[in-house]
Number of protein chains: 2
Amino acid sequence: MGKTSITIKEIARQLNISKSTVSRALRDSSEISEHTRERVIELARRLNYSPNPIALSLLKNRTQTIGIIVPDIDNPFFSMAIGGVEDVAYSRGYHVMIYQSHDSYERECIDARHIAARRADGLIVSVASKSPDHSHFEELQESDIPVVFFDRISEQVQTHKVLVNDYEGAFEGTEHLIMQGCRRIAHISGPMGLNISRNRFNGYKDALAKHNLPLRDEWVVSADYSQSDGAERAYQLMALRERPDAIFAASDRIAIGVHWVLRQLGYRMPQDVALLGFSDLSISALLDPPLSSVAQPSFEMGRQAAELLLELIENKNTLDFETRVLKTNLVVRGSTLKIINSGDPASAEIL
Amino acid sequence: MGKTSITIKEIARQLNISKSTVSRALRDSSEISEHTRERVIELARRLNYSPNPIALSLLKNRTQTIGIIVPDIDNPFFSMAIGGVEDVAYSRGYHVMIYQSHDSYERECIDARHIAARRADGLIVSVASKSPDHSHFEELQESDIPVVFFDRISEQVQTHKVLVNDYEGAFEGTEHLIMQGCRRIAHISGPMGLNISRNRFNGYKDALAKHNLPLRDEWVVSADYSQSDGAERAYQLMALRERPDAIFAASDRIAIGVHWVLRQLGYRMPQDVALLGFSDLSISALLDPPLSSVAQPSFEMGRQAAELLLELIENKNTLDFETRVLKTNLVVRGSTLKIINSGDPASAEIL
DNA sequence: CTGAAAGCGCTTACAG
DNA sequence: CTGAAAGCGCTTACAG
């Protein structure tokens with residue numbers, strides 16, 4: 001037990017040549033005799049040699065590792081995005097270390113420092129909703145660790161960002177509710193400290209305005225992006241003297257909580273209350289009635305964030321940062337579809 | 001931009017002492033004068049010094065990193081378990097690198113090699129259903145990287161393992177269906193290459209035998225642990241001349257696919273067909289009717305796997321391996337509850 | 001109590 | 001084409 005991994009030194013010893021030569025045989029093709037090179041390669045293979053990445057890291061001051069901080073790994077939106085990050089990272093020889101902030105400012109700071117201490121080459125983050133300030137990310141940038149944001153971005157920090165058109169998505173979703181005949185449309189927003197919450201709220205607000213519908217204070221409530229908060233707000237809204245006939249939730253997690261409460265209370269969707277979510281998690285199509293939602297390309301967001309980060313890492317081009325805005329896509333299902341018209345996509349789909 | 005991180009050498013230079021002394025001041029308390037020690041500590045703090053973990057790793061041949069391979073990160077069972085692993089790992093100063101095998105043998109081998117190449121200190125794994133052989137894990141063990149399995153274990157590899165009592169859970173679940181009056185109970189098993197699939201199937205089989213119910217070939221079908229496979233099998237079962245009056249699915253993912261199909265086809269649960277899953281994912285309670293399921297303590301499984309791994313890493317005690325068996329817990333909800341009796345837990349719960 | 005030296009595994013000018 | 005040396009950032013015997 002414990003045959004310690006084989007090193008370049010060992011190969012050199014067995015072949016009776018110097019470490020330098022072995023090293024060169026393993027890298028360059030030029031500046032080495034074909035003969036020695038073959039001998040080295042062959043022995044290395046036979047010994048199952050693999051270079052010690054730790055040593056390389058020390059030398060190059062690069063770890064081939066990127067960090068990612070998300071609020072919550074078991075939110076399917078984020079686990080999908082992580083999938084996208086991994087997809088490009090691995091294909092380019094990088095590793096991914098995943099951190100969860102649990103939406104806590106303190107935890108996010110600790111994670112960021114950790115990443116700096118571990119000398120990651122870069123960081124991708126979707127910020128915690130409770131973070132009042134993002135200078136912990138600026139500190140990373142100052143020590144030459146590039147940072148890229150996706151979805152929940154920091155306006156304070158200058159860098160590449162990957163977003164969806166939250167405003168337009170929310171606008172379009174709200175208009176869809178209006179087209180379905182809803183007139184008393186409530187909104188459960190996310191925490192207003194987050195860009196995504198503000199933009200979705202504004203889309204909602206402007207769609208109402210465009211159609212001369214009232215924006216009533218008691219129909220706009222704020223929640224954390226969680227089922228339990230969604231459920232609480234649903235009770236609150238349905239208890240109002242003047243009930244909404246539609247609820248636009250700022251996320252599917254919130255909407256799922258609402259969905260559950262509406263069913264418990266015996267409201268029919270969409271006849272009594274139409275319900276629209278945001279993100280289109282895969283489970284949303286499985287609810288009964290299936291949930292309509294504004295779909296976000298989560299995997300692709302992760303991919304693009306990773307691509308932008310690697311560009312920063314490899315080219316150190318810290319000038320002109322880019323903000324990529326991907327498109328949302330309204331997915332209409334049973335929870336909002338009152339009027340059957342052939343123009344609308346209709347049925348829930350599984351698989 | 002680019003203030004390169006500060007090193008022990010820099011502190012030594014500024015204080016006009018040797019690197020050795022600085023290093024000692026930062027570690028030992030003995031063997032150093034109180035005075036120098038204070039000066040070093042104070043300057044280190046002021047400069048925001050943090051030791052380069054890469055250098056330490058090279059020295060100690062330890063990376064303070066553990067790997068985890070799961071089939072699929074966006075399966076909530078696994079993301080929960082990962083949460084448990086992180087919980088103990090971080091509290092003990094370790095980092096976690098997460099890999100997905102996507103249930104592919106090839107990918108699992110690559111991941112394992114990667115982990116070895118990155119010199120992780122240890123590995124936690126839940127095996128891919130398509131892996132015919134597990135010697136890639138034995139190779140890790142031979143290079144002194146301990147491996148611990150959870151849930152989907154390898155019988156071939158000798159090491160610590162963390163399981164639940166799949167057999168008893170399945171037995172109890174099947175008995176519950178029988179108590180509800182079901183007599184034609186079908187089973188959708190997972191891939192039979194996996195221990196969990198075999199044990200759950202055996203629990204089902206023996207419960208039927210105990211109650212003198214028939215085990216009919218056409219009522220036992222096998223599926224991947226996925227919604228789409230579950231949906232296909234549901235069609236297959238309900239197309240039978242003699243239909244089952246209950247379906248016990250080997251996982252909630254499978255059950256969710258079945259649930260969707262049953263609803264599409266207009267079957268009522270549980271009156272026409274009772275449906276029971278396994279794992280109790282958090283979404284299962286939200287279906288309509290809510291899904292009964294055999295709950296597994298996924299977070300705790302991750303925790304315990306991590307504890308066992310760290311023990312192996314830190315004590316190198318490679319003798320007498322332990323197999324921990326945690327308890328499942330039958331959660332009865334609307335999808336199986338025909339007979340209201342006060343002894344049974346009943347209502348779906350959210351939050 | 002402190003410093004000079006060796007070494008972890010590797011690469012890469014610098015000489016030959 | 002090949003080897004000896006220096007160095008990445010740190011620790012730890014070995015001498016004083």
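Everything quoted here is computed from the prediction, not taken from an experiment. In what follows, chains are A, B, ... by sequence order, proteins preceding strands, each numbered from 1.
As rounded to the nearest Å, D:dA4 and C:dG7 have P atoms that lie 15 Å from one another.
Taking a pair as Watson-Crick or G-U wobble with both distances under 3.5 Å, DNA chain C forms stems of 3 or more consecutive pairs at C:1-3 with D:14-16, C:5-12 with D:5-12, C:14-16 with D:1-3.
Residue A:Ser23 places at least one side-chain N or O under 4.0 Å from the OP1 or OP2 atom of C:dT11. At C:dG3, one or more side-chain N or O atoms of B:Thr21 fall inside 4.0 Å of OP1 or OP2 (strictly under the cut-off). Residue B:Ser18 places at least one side-chain N or O closer than 4.0 Å to OP1 or OP2 of C:dG3.
For the pair B:Glu10 CD and D:dG7 C1', the computed distance is 17 Å after rounding to whole Å. Between the CG atom of B:Leu26 and the P atom of D:dC10 there is a distance of 9 Å, rounded to whole Å. Regarding A:Lys60, its NZ atom lies at a distance of 18 Å from the P atom of C:dG9, rounded to whole Å. For B:Ile8 and D:dG7, the CD1 to C1' distance is 16 Å, given to the nearest whole Å.
Looking at heavy atoms from C-beta onward, A:Val162 lies out of side-chain contact with A:Thr323 at the 4.5 angstrom threshold.
B:His114 and B:Tyr99 have tilted rings, their planes meeting at an angle from 30° to 60° on a 0 to 90° scale.
Closest to the side chain of B:Leu56, from the set D:dG9, C:dA4, D:dC10, is D:dC10.
No more than 12 heavy-atom neighbours from other residues, nucleotides or ligands sit within 6.0 angstrom of CD on A:Glu106.
Under the 4.0 Å criterion applied to side-chain N and carboxylate O atoms, A:Lys130 and A:Glu108 are not assigned as salt-bridge partners.
Contacts between residues 39-54 of chain A and DNA chain C, defined by a heavy-atom separation below 4.0 Å, involve A:Tyr49, A:Pro51, A:Asn52, listed by number.
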